[in-house]
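The structure appears right after this line, and notes come after that.
Remember, it's a predicted structure, so these values are computed and weren't measured experimentally. Atom set for the values below is all heavy atoms of this structure, side chains included, hydrogens, waters and symmetry mates excluded.
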Amino acid sequence: MSDFMRKVLASKRETRKRLVELPFAQKLVLLEKLRDRSLLIASSPLRQQHRHS
């Protein structure tokens, strides 16, 4: 495994540990931010499908 992949996996473990330790209310705030970001991305003109006649 490359050094880069080891760093990526270590970072993921640290992030998961930090998220587990957050209070439930803070997790809800993060979830709302993710939902808002998802809706923004979904409404982007770059994601719109154009129908061909």
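Closest approach of Met1 and Arg6 over heavy atoms only: O-NH1, 2.6 Å.
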Would you be so kind as to tabulate the donor-acceptor pairs closer than 3.5 Å made by side chains of residues 8-22, with sequence neighbours excluded?
unit_1, atom_1, unit_2, atom_2, d
Thr15, OG1, Ser11, O, 3.0

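The stretch residues 31-40 participates, sequence neighbours left out, in no salt bridge (Lys or Arg N to Asp or Glu O under 4.0 Å) pair at all.
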